[in-house]
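For reference, the structure is listed below as structure tokens.
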Amino acid sequence: MSLYQQQEIKLYNTLTRQKEVFRPLVAGKVGMYVCGPTVYQNVHLGNCRTFISFDVMYRYLKHLGYQVRYVRNITDAGHMVGDGDEGEDKVAKQARLEQVEPMEIVQQYTVGFHHVMEQFNALPPSIEPTATGHIVEQIDMTQQIVENGYGYEIDGTIYCDVNRLNELYPYGQLSGRKLEDLYSNTRELDGQDQKRNPLDFALWKKAKPEHIQKWNSPWGTGFPGWHLECSAMSQKYLGEQFDIHGGGLDLAPTHHTNEIAQSMACCGKQPAQYWLHTNMLTVNGTKMSKSLGNSFLPHELFAGSHPLLEQPYSPMTVRFFFLQAHYRSTVDFSNEALQAAEKGYRRLMAAFQLLPKLSPANSFATSSTAEDVALNALLDECYACMNDDFNTPQTIAVLFGIAAKINAYHHQQAPLGDLQSATFERLKMVFSSMIIDVLGLLDETNAADSGVTDGLMSLILEIRANARANKDWTTSDIIRNQLTALGISVKDGKEGTTWNLG
RNA sequence: GGUCGGAUGGCCGAGAGGCUAGGCAAGGCUCUGCAAAAGCUUCCACAGCGGUUCGAAUCCGCUUCCGACCUCCA
């Protein structure tokens, strides 16, 4: 029996604006699509937050035993700079600015993106398709939409007919908007004259002669509209209908709304059962965004090399910081908050390190005790919290409760022997599963651990133990102070001396 | 302007009609050669004004502030 058969997940569906019980289309399998980055610049932290949120969902679903196919695209064409249809392709523009091939831009920033996600310990998705690698699929989908009567061609560009689609289903549903509201707020933009209606959007665009990234199509030379790649690729790898579609909240009103439009126009089906949206990262209460220029690059954060940063923050500190807020809430970046997260993360990992060293003074309980019941309740709660729309902050709160238990057992402030043997095994399994497998936290505080370091530390601490036995406090304190200066903290406990980095 | 979402203790952040959030910071106690760590403990918050209710941070109105989207952004 898989864990998922014992756990009922509820998740907040943007489409219905309520929490719903998660039931995959195919029992035991989950198809998840997340809108990935446009690779024309360094990823910034807002993107990272979104991908870390979905990484935890992916990890948790896998932990529960689901077979998950996680598809996250790389946008390397068709994403426009500026307003309307006359903007320049982002990748092409960057290529022009850096005087290199578009594919060089794509390569450079894709590699950089992967590197950063690896630093954050995010698992790679199952499939990471690119827009340029799926031009044929996008042309096919456009043709199908035209055949179905929801697309029309004007001078080599194919538009999606939003008015007609709205007869089929409520077009603005995902962002809670009605078509007339959308129209009343449409701005008059240059270059939109050829569309029948301002809300119509391009499926395929005619390329100007100077355009670098372009392909042949039934309508002449052109390139796909930005929204189309996600529809075409999710359909190819996950089917016409799949379970979860995710992305940043800012994608909901336009990009995801149009993805739904394309799928409805092509297949007459809502592509995803559950739409999940992560909220924005803010700095001083304002959305962190590329265009506002208030974003830190991940490496600036890790190095502390940004005027707004008082110190470096490690990838795991940042990951932990993100997970201490729910994915649907905004998170505000500040030095104070990050420093608090850093200490909390270390506290949690210190307990994690103690866990394998625990053993009961005498023997385990053979029947139920109050302590045994209390601990089992905490372990159950970890799952209950994750099941509740992947509530990582609550889960972490429970993990801190468990950490306090572990600390108390270790310092013999509470008797480990009050647990039953099976409960102790469960404690070890659940605590490390939650921290390592589900939350994806690496034990950074032990990162420099190696045979040599361990050996040296044992030697040093043995010398110090001798000094202490002789009440040679001077030597003892010199050793401890020097180690502290090196970033190694030494803690003398009843059961001996322990050390760790940081 | 339209639509949507927020305002929680010194700070960050969960929760969502009665039941401890949690982390960080601060105070006290225990332990300790000293320290650190740890455990216990104190600090009982929900923007304002009305209303519903036996009971509201949580529901309903109004007010004030803030943000997001409506152009590109995760």
Does a donor on one side chain sit under 3.5 Å from an acceptor on the other, for A/D55 and A/Y70?
no

Considering only NZ, NE, NH1 and NH2 on the basic side and carboxylate oxygens on the acidic side, decide whether A/D492 and A/R464 come within less than 4.0 Å.
yes

Among B/A21, B/A74, B/G23, which nucleotide has an atom closest to any side-chain atom of A/Q324?
B/G23

With sugar-phosphate meaning primed atoms plus P, OP1 and OP2, does A/G172 contact a base, only sugar-phosphate, or nothing at under 4.0 Å between heavy atoms?
nothing

Any idea which of B/A36, B/C4, B/A74 is nearest the A/K491 side chain?
B/A36

Under 3.5 Å donor-acceptor pair, A/N279 side-chain atoms to B/G67 base atoms
no

Using a 4.0 Å heavy-atom cut-off across all strands, classify A/L281 as base, sugar-phosphate, or nothing.
base

What's the verdict on side-chain hydrogen bond (donor to acceptor under 3.5 Å, both in side chains) for A/N47 and A/H44, showing C-alpha distance, side-chain angles and the deciding distance?
CA-CA 6 Å; A/N47 299 57; A/H44 74 114; 2.8 Å; yes

Do we get A/R328 above A/Y12's six-membered ring, with its NZ or CZ under 6.0 Å from the centre and within 45° of the axis?
yes

Is A/S329 touching bases, backbone alone, or none of the nucleic acid, heavy atoms closer than 4.0 Å?
sugar-phosphate

With both distances under 3.5 angstrom, what nucleotide forms a Watson-Crick or G-U wobble pair with B/C43?
none

Are the ring of A/W473 and the base ring of B/G33 both nearer than 5.5 Å at their centres and tilted by less than 30°?
yes

By the 4.0 Å heavy-atom rule, please label A/D492 as base, sugar-phosphate, or nothing.
base

Taking B/G39 as the reference, what is the distance to B/G67 when you measure between their P atoms (whole Å, please)?
40 Å

Quick one about A/N163 and A/Y183 (side-chain donor to acceptor, distance below 3.5 Å, no hydrogens or angles considered), yes or no?
yes

Can you find a side chain N or O atom of A/N391 that sits less than 4.0 Å from OP1 or OP2 on B/A14?
no

Just the rounded figure in Å: distance from P of B/G23 to CD of A/E342.
17 Å

At 4.0 Å (heavy atoms only), tell me whether A/T286 reaches a base, stays on the sugar-phosphate, or touches nothing.
sugar-phosphate

Can a donor-acceptor pair be found, under 3.5 Å and without considering hydrogens, that links the side chain of A/R72 to the backbone of A/V34?
no

Tell me what A/A397 touches on the nucleic acid: a base, only sugar-phosphate, or nothing, going by heavy atoms under 4.0 Å.
base

Within the modelled atom types, does a donor on one side and an acceptor on the other bring the side chain of A/R480 and the base of B/A36 under 3.5 Å apart?
no

Looking at A/Y237 versus A/F242, is the centre-to-centre ring distance below 6.0 Å?
no

Give A/K343 one of three labels, base, sugar-phosphate or nothing, depending on what nucleic acid heavy atoms sit under 4.0 Å from its own.
sugar-phosphate

Out of B/C4, B/C24, B/G33, whichever nucleotide has its closest atom nearest the side chain of A/A340:
B/C24

Please work out if A/H44 contacts a base, only the sugar-phosphate, or nothing of the nucleic acid, heavy-atom cut-off 4.0 Å.
base

Can you tell which of B/C34, B/A14, B/U3 lies closest to the side chain of A/R177?
B/U3

Taking the side chain of A/P393 as its heavy atoms from C-beta onward, which of B/A74, B/G33, B/A14 lies nearest to it?
B/A14

Assign each of A/F321 and A/G248 the nucleotide of RNA chain B bearing its closest heavy atom; nearer the 5' end lies the nucleotide of A/F321

Of all the choices, B/A38, B/G13, B/A74, which nucleotide is nearest to the side chain of A/T38 once you look at every atom?
B/A74

Minimum-distance nucleotide to A/N47 side chain [options: B/U3, B/A68, B/A74]:
B/A74

Pick base, sugar-phosphate or nothing for A/V490, based on heavy-atom distances below 4.0 Å to the nucleic acid.
base

Picking from B/C70, B/A74, B/G15, the nucleotide nearest the side-chain atoms of A/Q394 would be B/G15

Using a 4.0 Å heavy-atom cut-off across all strands, classify A/G176 as base, sugar-phosphate, or nothing.
sugar-phosphate

Ranking A/L251 and A/A341 by the position along RNA chain B of their nearest nucleotide, the one closer to 5' is A/A341

Measure from the side-chain heavy atoms of A/R347 and tell me the nearest of B/C24, B/C34, B/G13.
B/C24

Nucleotide nearest A/D388 (side chain, heavy atoms from C-beta), chosen from B/G33, B/A16, B/C69:
B/A16

